[in-house]
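Positions are given from 1, in the same order as the sequence printed here.
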Amino acid sequence: MYLPDIDKPPSAYKLICDFFVLVLITRQNLVFRIERRHEGAEYAGGSNSSIIQEAERPNYVNPVPDYISHVKSWLDIAKRVILQSFLWFTLAVVFLAGTNRVNIFSLGYLVGSFIFLWQGNDFYLRPINVILRWWNYMIGYNVFVILMKTILQIPGCIFMNEIQVHACWLVQLFGIFCIQKFTPSQEIKGDCEVPVEQVGLAWDAVCFMFLILQKRLFSGHYFFHMIDEAKAMAILASRGAELIEELSQKQIQEQQETERRILEKIKYKMDRIKVCAIHMGFIILTVISTTLSGRHLEMSLLKLGTPAPNYETSYLLELLKEYYVNATPVPEC
């Protein structure tokens, strides 16, 4: 008896999938019991205990070789490309899960993907516990969405007509629809029409798979090398910025020193020009005053009837200039 749809039950052969799920669960339970049996002792198959606490120790040595700094083969290159790009690929899947569904649940996918994409590579600089806690929030929201969509199948398959009439906004807000995988689903017609391609759990399941795989990478030894690489790049970038700032300051100081020397040289030349101008002005005044005194003497002699010596004015000026220059040293101008 198939309780969800008594009138049109699916074929019995579809229970084979449930059988294989049961087999896998029982085998995994057996592995868990074997691990608990060897708890506290060294087991040949390795330990599945968390290594997060060990990574925080200062003397921790990563048993996995560094595949980023020391590339030995094409396998190391492949591991670096896959592991470093898997986070962005996972966030792209989360973003697509939010954009391919138009309901209230898509908003959480979009906000979560934008938060992680906005941080970029700085996300690796956070403590490992913080990284895992944030990622667990994303996984928890994904599980919550799957659970809510599964619960909403009850009113969607039983009370769909009543919800369409009295609460059409709920149908459009939460994307309520009766998903029938074994029979063709009929699209809702009327004012509360919901496209069939915008309902279902396919994208949520794909998103859950990638989120779980990424969390497994976060908890492995390979991820620690990615963290070390991100920290080293951040330190080098910071040091490079400091060196650029120091070089810029040095260039500014050299330019200021050059300008100071030029200003001092200009000031020195201006002082020399001032001194030369003062001496030359004093010479000219002395020559003029001497010439005028000679003329007064000549006029006096003429009044007294005594003939004055016949000296040309240019000759007198040359004599006075030569005398003054020899008597008073003038700086070179």
Side-chain angles (χ1 to χ4, degrees), residues 50 52 55-56 81-156 160 163-164 167-179 185 187-188 191-220 222-224 226-227 229-231 233-234 237:
S50 177
I52 303 302
E56 298 295 336
V81 172
I82 294 173
L83 295 178
Q84 289 187 343
S85 61
F86 196 82
L87 174 62
W88 313 118
F89 189 75
T90 302
L91 294 177
V93 171
V94 175
F95 178 78
L96 291 175
T99 54
N100 285 315
R101 299 287 187 270
V102 184
N103 50 53
I104 191 64
F105 300 117
S106 302
L107 183 61
Y109 288 134
L110 294 177
V111 173
S113 61
F114 282 141
I115 289 175
F116 287 102
L117 290 172
W118 173 66
Q119 296 186 35
N121 288 328
D122 293 340
F123 179 65
Y124 294 133
L125 302 179
R126 299 182 179 276
I128 301 179
N129 294 329
V130 176
I131 294 175
L132 288 177
R133 185 167 65 249
W134 284 29
W135 203 254
N136 287 334
Y137 291 157
M138 180 67 74
I139 296 175
Y141 179 76
N142 178 251
V143 174
F144 170 76
V145 170
I146 294 175
L147 180 63
M148 289 300 299
K149 287 186 176 181
T150 304
I151 294 175
L152 289 175
Q153 288 299 300
I154 298 175
M160 194 63 196
I163 296 176
Q164 283 182 304
C168 181
W169 61 273
L170 278 177
V171 176
Q172 305 239 342
L173 184 63
F174 293 99
I176 301 176
F177 189 76
C178 184
I179 303 174
S185 299
E187 187 173 349
I188 301 175
D191 297 335
C192 288
E193 181 178 351
V194 178
V196 179
E197 62 272 8
Q198 292 188 7
V199 296
L201 299 173
W203 276 104
D204 300 301
V206 173
C207 184
F208 177 77
M209 180 182 66
F210 278 94
L211 290 174
I212 291 297
L213 289 176
Q214 185 60 49
K215 183 183 178 182
R216 181 63 186 89
L217 295 179
F218 285 157
S219 303
Y222 290 100
F223 182 65
F224 297 156
M226 296 175 59
I227 293 178
E229 180 70 12
K231 290 180 179 179
M233 294 298 294

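- Here the CD1-CZ distance, from I128 to F224, works out to 4.0 Å after rounding to the nearest 0.5 Å.
- Atoms CZ and CG, on F116 and L91 in that order, are 7.0 Å from each other to the nearest 0.5 Å.
- A distance-only check finds no donor-acceptor pair linking the side chain of S219 to the backbone of R216 [under 3.5 Å].
- Within the model, atoms CD1 of I139 and CG of N136 stand 5.5 Å from one another, a figure rounded to the nearest 0.5 Å.
- Between V94 and S113, the closest heavy-atom pair is CG1-CB, 4.2 Å.
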Chi angles and distances behind the side chain to side chain contact (heavy atoms under 4.5 Å, CB included) call for V143, F208: CA-CA 8 Å; V143 174; F208 177 77; 3.8 Å; yes
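- Note that CG of L125 is 10.0 Å distant from CD of Q119, once rounded to the nearest 0.5 Å.
- The backbone N or O of S106 lies less than 3.5 Å from a partner atom in the side chain of N103, making a donor-acceptor pair.
- With K149 as reference, V145 is the one residue of I146, V145, I151 to meet the side chain to side chain contact (heavy atoms under 4.5 Å, CB included) rule.
- A tilted orientation is assigned to the rings of W134 and F123, their planes being inclined by 30° to 60°.
- Smallest separation of non-hydrogen atoms from D204 and N142: O-ND2, 3.3 Å.
- Of the candidates W88, Y109, F114, F210, F95 forms a ring-ring contact (aromatic ring centres under 6.0 Å, His included) with just one, namely F114.
- If you take CE on M148 and OG1 on T150, they are separated by 10.0 Å, rounding to the nearest 0.5 Å.
- With rounding to the nearest 0.5 Å, the separation of CH2 in W203 from OG1 in T99 is 7.0 Å.
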Check against side chain to side chain contact (heavy atoms under 4.5 Å, CB included), L152 and F105: CA-CA 12 Å; L152 289 175; F105 300 117; 4.2 Å; yes
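- Minimum interatomic distance between I131 and R126 (heavy atoms only, all atoms of both residues): CD1-O, 3.6 Å.
- Closest non-hydrogen pair, Y141 versus I104, comes out as OH-O, 4.2 Å.
- The only member of Y124, F86, W135 that meets ring-ring contact (aromatic ring centres under 6.0 Å, His included) when paired with F223 is Y124.
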